[in-house]
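Structure first, then comments.
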Amino acid sequence: MRYDVIVVGAGHAGCEAACAASRMGSKTLLVTMNMQTIGQMSCNPAMGGVAKGQIVREIDALGGFSGIISDQTAIQFRMLNKSKGPAMWSPRVQSDRWRFAETWRLTLEQMENLHFVQSTVDELLVENNGITGVVLQNGTRVQGSSVVLTSGTFLNGVMHIGEKQISGGRSSEGSAKGITGCLESYGFESGRMKTGTPPRLDGRSLDYSKFEEQKGDEKPGKFSYTNTKPLSLQRSCWISHTSEEVHDTLRTAFDRSPLFNGAIQSSGPRYCPSIEDKINRFSDKTSHQMFIEPEGWDTVEVYINGFSTSLPEEIQHAALRKVPGFENARFFRPGYAVEYDYFPPTQLTHTLETKLVERLFFAGQINGTTGYEEAACQGLMAGINAHLKVHRAEGFALDRSEAYIGVLIDDLITKGTEEPYRMFTSRAEFRLTLRQDNADRRLTLKGRELGLIDDTQWTRFESKMTAITEAESWLKAQSVTPDEAEAYLSKQNTAPLKHKGPLDQLVSRPQLGLTGLLTNIAKDVPTHSEEVWEQVEIKYKYAGYIEKEQAQVDKLKRLENLRIPKAFAFDQIIALSMESRQKLEKIQPETLGQASRISGVSPADIQILMVHLGR
């Protein structure tokens, strides 16, 4: 059979890619090594977190499913950074690992245009610099107009536990061989990266009286803008700490650690290092934090976040049992590291299509990223663009001012990465605009135009926008006298009013919150949801800052609108520095905005380019 889109790999990137392409109308095939591990949470049983939670909200606003499935299978919800400003608020859930994967599979099985096959892909078929299909492990050729490659950690994957090396990309699973060599034969550059995972333990063997309890939010929220339900019951996580005694035990086997004996030479995640790496890099620290995270509602298995390791199994046992509460710990399986092939993402365009082979798209860890959320958003974008490419429609991309997804993809294709890339709020210049609470306002219309937002979700969105407009208009029309406000303002230690004035001006005062003003001063307050009033408050409280940020956005867009012709001869512009010529020629930026963000390209170089482009 012939398919419009073939998705290779069924991790978080592959699931979103297959979902998007099939829902948009493409006949789609999802190829996975194991039908039982579709949507598997290979590492921690959680979704979201700082900046990652914003990405999940953006996926949901565009019509993806990561937020919906996270809500349906959550066991705890927390909004991180609530003590900081709204640009830093980040939703996070603990997930039921097994139900998460099961729900993803059942969701995909309901997609009318989506077919499945359990196999590995050994070869990509290319003709005239365009993808034409794949060859499965049994030799079957499957024709496809486009291919989305989401190989995760499986390309020539090797797992390390002490001095043992096991071929595979995940515990008890094999590796994918052949694709790397195939791509290299077409001129692609590849590299190696490393990631790791901690031991899984029997939670019944731990003494929780020695841990600090970490409960979910008293009023739990949710990820999705659809009608998923917030949690009514939650499971707690727990916090513990290592000690110098634990570190000394781990140090006894550093000579057998693949990180230090040369067995692993690739780059690991800077912001999620293994416990042995933390001990080595931060030798002045006598303790490191660990989180004991339940893997689901009913299972006794727990995940030890903060204790990722590839040390020998017996050393993992000995060290963990020296942590208070772990004295009698029983292991389900040890931690391990995994090395795998990736392809530097500067070889891609903004649509995640490769520059060397037309209609071939990369998404997820093959691009050098780490994290479910980063993979899922790439999968969504690649699936969308694979469908659009096959149907000869213009590609879909988000810029840095529109979404964290846009920041992530632009960083990857413009700057590349030599270590696993993780999203942080600090990577976004416009993070006050790119908040988790307004992802629907930024992206739902785009999702609707793509055909990924159904009528029910669109109606909910329109109702919310109408309510926000009505609430803003009501607030702007309200006035308050000094006598009406005196008692409350005095109690909040803020200056009294001297004259009658609009109520909305009080919202900008740092000592005051909109909820307090509506409760203690305003009269005949219209009934709207907390979500609506929160949007109104953020608008008024941060109006000046948002206005300044919007001016920066407008400036960026002027450069982004100046497009550079394909195959532009940067190397022929002698006025550019040698470094600029080399990097511009290699990356082939699509716009002046992208060119300006390439490391080593100076503002003077951009001015020279503008002259050569007739600007």
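Note that the structure is a prediction, hence the values are computed from the model and not measured.
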Task: Check: Phe568 ring centroid to His612 ring centroid under 6.0 Å - done: no
Spatial distance of atom [atom1] ([X]) from atom [atom2] ([Y]) [nearest 0.5 Å]:
X	Y	atom1	atom2	value
Asn129	Glu358	CG	CD	8.5 Å
Ser70	Lys222	OG	NZ	12.0 Å
Gln378	Gln365	CD	CD	9.5 Å

Task: Working for salt bridge (charged side-chain N to carboxylate O under 4.0 Å, His left out), residues Glu429 and Arg400 - done: CA-CA 8 Å; Glu429 308 93 315; Arg400 301 181 71 90; 2.9 Å; yes
Open item on the list: Under the salt bridge (charged side-chain N to carboxylate O under 4.0 Å, His left out) definition, can you give me all pairs with a residue in residues 36-64, not counting sequence neighbours?
Closed with: Lys52-Glu373, Lys52-Glu374, Glu58-Arg442
Which heavy atom in [X] sits nearest to a heavy atom in [Y], and how many Å separate them?
X	Y	value
Ser224	Asp71	N-OD2, 2.8 Å
Ile598	Pro589	CD1-CG, 4.1 Å
Leu434	Ala403	CD2-N, 3.5 Å
Gly130	Val357	C-CG1, 4.0 Å

Open item on the list: I want to check something: taking the side chain as every heavy atom from C-beta on, are Ile131 and Thr354 in contact at a cut-off of under 4.5 Å?
Closed with: no
Open item on the list: Do Ile409 and Leu398 have side chains that approach each other closer than 4.5 Å (heavy atoms only, starting at C-beta)?
Closed with: no
[X] side-chain N/O to [Y] backbone N/O, donor-acceptor pair under 3.5 Å:
X	Y	value
Ser580	Gly600	yes
Thr150	Val8	yes
Asn156	Asp341	no
Thr153	Gly169	yes
Ser602	Asp605	yes

TODO: Among residues two or more places apart or on two chains, list those pairs meeting side-chain hydrogen bond (donor to acceptor under 3.5 Å, both in side chains) that have a residue in residues 5-22.
DONE: Glu16-Ser66
TODO: Check the side chains of Thr28 and Ser26 for a donor-acceptor pair under 3.5 angstrom, ignoring hydrogens and angles.
DONE: no
- [ ] Step by step, work out the side chain to side chain donor-acceptor pair (under 3.5 Å) result for Glu339 and Ser266.
- [x] CA-CA 7 Å; Glu339 277 190 296; Ser266 51; 2.6 Å; yes
Open item on the list: For the residue pair Arg441 and Phe461, would you count it as a cation-pi contact if the rule is NZ or CZ under 6.0 angstrom from the ring centre and within 45 degrees of the ring axis?
Closed with: no
- [ ] Quick one: do Glu112 and Arg23 satisfy salt bridge (charged side-chain N to carboxylate O under 4.0 Å, His left out)? Show the steps, please.
- [x] CA-CA 8 Å; Glu112 187 176 343; Arg23 290 180 67 220; over 6 Å; no
Task: Glu109 CD: over 12 foreign heavy atoms closer than 6.0 Å - done: yes
TODO: Check the angle between the aromatic planes of Phe188 and Phe362 and answer parallel, tilted or perpendicular using the 30° and 60° thresholds.
DONE: tilted
- [ ] Could you go through the side chain to side chain donor-acceptor pair (under 3.5 Å) check for Thr414 and Arg597 one step at a time?
- [x] CA-CA 7 Å; Thr414 301; Arg597 293 187 292 276; 5.0 Å; no
Task: Worked check of salt bridge (charged side-chain N to carboxylate O under 4.0 Å, His left out) between Lys177 and Asp122 - done: CA-CA 6 Å; Lys177 304 181 185 298; Asp122 284 351; over 6 Å; no
Quick test of your reading of the model: are [X] and [Y] salt-bridged, counting only N-O distances below 4.0 Å?
X	Y	value
Glu353	Lys389	yes
Glu123	Arg141	no
Asp4	Lys27	no

- [ ] Please report the C-alpha distance between Lys194 and Asp277 in whole Å, then the side-chain angles of each, then the deciding distance to 0.1 Å, and finally whether the salt bridge (charged side-chain N to carboxylate O under 4.0 Å, His left out) criterion is met.
- [x] CA-CA 13 Å; Lys194 168 258 175 188; Asp277 197 15; 6.0 Å; no
